Amino acid sequence: MPEGHTLHRLARELDELRGQPLHAVSPQGRFATGATRLDGTTMESAEAYGKHLFLRMSHGSHVHVHLGMRGKWFRYDEPGTPPLPQVRLRLATDAVAWDLIAPSVCELVDDAGLKKLVRQLGPDPLRPEADESQAVAALGSAPGAIGSALLDQTVVAGVGNVFRAEALHALGIAPTRPCRSMTGAELAELWSVLQQMMARAVEDGRIITVDGPDRLTIPEC
């Protein structure tokens, strides 16, 4: 499943649709009603929170996407390129088309629905407003082991298997260590390492876990 950096990079790339009239269709048909509502609107912003993507539209709703295990976005420089029949949603301008295939969630939500979704998530290391003290408190009070807590999206949003393993390895912390045995300083350092690793992955467009000539790229799932 794509980790949070993938969604933040997608939000950055999808920003090219902002402010332009959109042609929206659902070749697969499973989002036909939503596509009809989107057709002719404009996108006002694209942002990610954890593993969730939100596209704010001019008619007041948000396209909420969760890629799950199989979801992908595909970009076409030629918007006239015929979409594949399994495309859940195509958003196209006169210059470019973006096709969404096999997401676990593709729905329209209003402002209240968006806020409700976000309230269920922990702090996202890639969000500028993320509160370190909130993250430290959530991790420190989580039941069970730190390795499990990092994958719990209600504790910290956006972390997956790779960042969990790499951040804990970098600090020499066993994933089986109980959360409540960790000090505030250790948890703050863990949060900082996650922020640094994930921010770098957004810029690189991939996960790189070592420096210098031995840099290793971890393939996305």
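Note that the coordinates shown come from a computational prediction; the quantities given were computed from them, not determined experimentally. Position 1 is the first residue of the sequence; numbering continues from there.
No donor-acceptor pair under 3.5 Å is formed between the side chain of S148 and the backbone N or O of G144. Judged purely by atom type and a 3.5 angstrom limit, D99 has no side-chain atom pairing as donor or acceptor with the backbone of R90. Looking at Q153, its side chain does come within 3.5 Å of a backbone N or O of G158 through a donor-acceptor pair. Between the side chain of Q134 and the backbone N or O of D131 there is no donor-acceptor pair closer than 3.5 Å.
For the pair R37 and F31, the NZ or CZ position fails the cation-pi test of under 6.0 Å to the six-membered ring centre and within 45 degrees of the ring normal.
Considering only heavy atoms from C-beta on, P27 comes within 4.5 Å of P83 through its side chain. Using a 4.5 Å heavy-atom threshold, the side chains of R12 and E203 count as touching. Counting only heavy atoms from C-beta outward, the side chains of P123 and W191 approach each other to under 4.5 Å. P2 places a side-chain heavy atom less than 4.5 Å from the side chain of L7. Contact check for E16 versus V96: side-chain heavy atoms found under the 4.5 Å cut-off.
A donor and an acceptor atom, one from each side chain of S181 and R177, are located under 3.5 Å apart. In this structure, a donor-acceptor pair under 3.5 Å is absent between the side chains of H8 and T6. In this structure, a donor-acceptor pair under 3.5 Å is present between the side chains of D39 and H23. Between the side chains of D111 and H62, at least one donor N or O sits under 3.5 Å from an acceptor N or O.
The two atoms that bring G50 and D124 nearest to each other are N-OD2, 2.8 Å, heavy atoms only. Looking at every heavy atom in both residues, E132 comes nearest to A188 through OE2-CB, 3.6 Å. Looking at every heavy atom in both residues, G122 comes nearest to A157 through O-CB, 3.4 Å. When all heavy atoms of H66 and G68 are compared, the closest pair comes out as ND1-N, 3.0 Å. In this structure, G147 and L168 approach most closely via the heavy-atom pair CA-CD1, 4.2 Å. In this structure, L89 and A24 approach most closely via the heavy-atom pair CD1-CB, 4.4 Å.
Summarising the geometry, atom CG belonging to L126 is positioned 10.5 Å from atom CD belonging to E3; distances are rounded to the nearest 0.5 Å. The CD atom of Q20 sits 12.0 Å away from atom OG1 of T41, with the distance rounded to the nearest 0.5 Å. In this structure, CZ in R164 is found 11.5 Å from CD in E166, a value given to the nearest 0.5 Å. We find the CG-CH2 distance between L91 and W73 to be 5.0 Å, quoted to the nearest 0.5 Å. In this structure, H64 NE2 and L55 CG are separated by 10.5 Å, a value rounded to the nearest 0.5 Å. With values rounded to the nearest 0.5 angstrom, H5 atom NE2 is found 11.0 Å from K51 atom NZ.
The same ILVMFWY cluster, assembled from side-chain heavy atoms under 4.5 Å apart, contains both V65 and L22. No single ILVMFWY cluster, assembled from side-chain heavy atoms under 4.5 Å apart, contains both M43 and F54. Linking ILVMFWY side-chain heavy atoms closer than 4.5 Å, directly or via other members, places L53 and W98 in a single hydrophobic cluster. Following chains of ILVMFWY side-chain contacts shorter than 4.5 Å, one can reach V156 starting from M182, so the two form part of one hydrophobic cluster. Note on L67: it does not cluster hydrophobically with M1, by side-chain heavy-atom contacts below 4.5 Å among ILVMFWY residues.
Under the salt bridge (charged side-chain N to carboxylate O under 4.0 Å, His left out) criterion, E13 pairs with R9, sequence neighbours left out. Applying the salt bridge (charged side-chain N to carboxylate O under 4.0 Å, His left out) criterion to D77, with sequence neighbours excluded, gives R75. Partners of R70 under the salt bridge (charged side-chain N to carboxylate O under 4.0 Å, His left out) rule, at least two apart in sequence or in another chain, do not exist in this structure.
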For L100 and V87, run side chain to side chain contact (heavy atoms under 4.5 Å, CB included): C-alpha distance rounded to whole Å, both residues' side-chain angles, the deciding distance at 0.1 Å, then the answer.
CA-CA 6 Å; L100 175 64; V87 169; 5.6 Å; no

Set out, in order, the CA-CA distance, both residues' side-chain angles and the distance that settles side chain to side chain contact (heavy atoms under 4.5 Å, CB included) for V118 and L114, then state yes or no.
CA-CA 6 Å; V118 170; L114 184 150; 4.1 Å; yes

Stepwise salt bridge (charged side-chain N to carboxylate O under 4.0 Å, His left out) test for R127 and E47:
CA-CA 10 Å; R127 297 281 301 186; E47 62 179 324; 2.8 Å; yes

Could you walk me through whether V155 and L150 pass the side chain to side chain contact (heavy atoms under 4.5 Å, CB included) check?
CA-CA 7 Å; V155 176; L150 288 172; over 6 Å; no

Take S61 and L108 through the side chain to side chain contact (heavy atoms under 4.5 Å, CB included) test and state the conclusion after the steps.
CA-CA 6 Å; S61 66; L108 291 180; 3.9 Å; yes

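D15 and R18 are joined by a salt bridge, as a carboxylate oxygen and a charged side-chain nitrogen come within less than 4.0 angstrom of each other. A salt bridge is absent between R88 and E107; no separation between the charged side-chain nitrogens and carboxylate oxygens falls under 4.0 Å.
Within 6.0 Å of atom NE2 in H169, 12 or fewer heavy atoms from other residues, nucleotides or ligands are found, so the atom counts as exposed in its surroundings.
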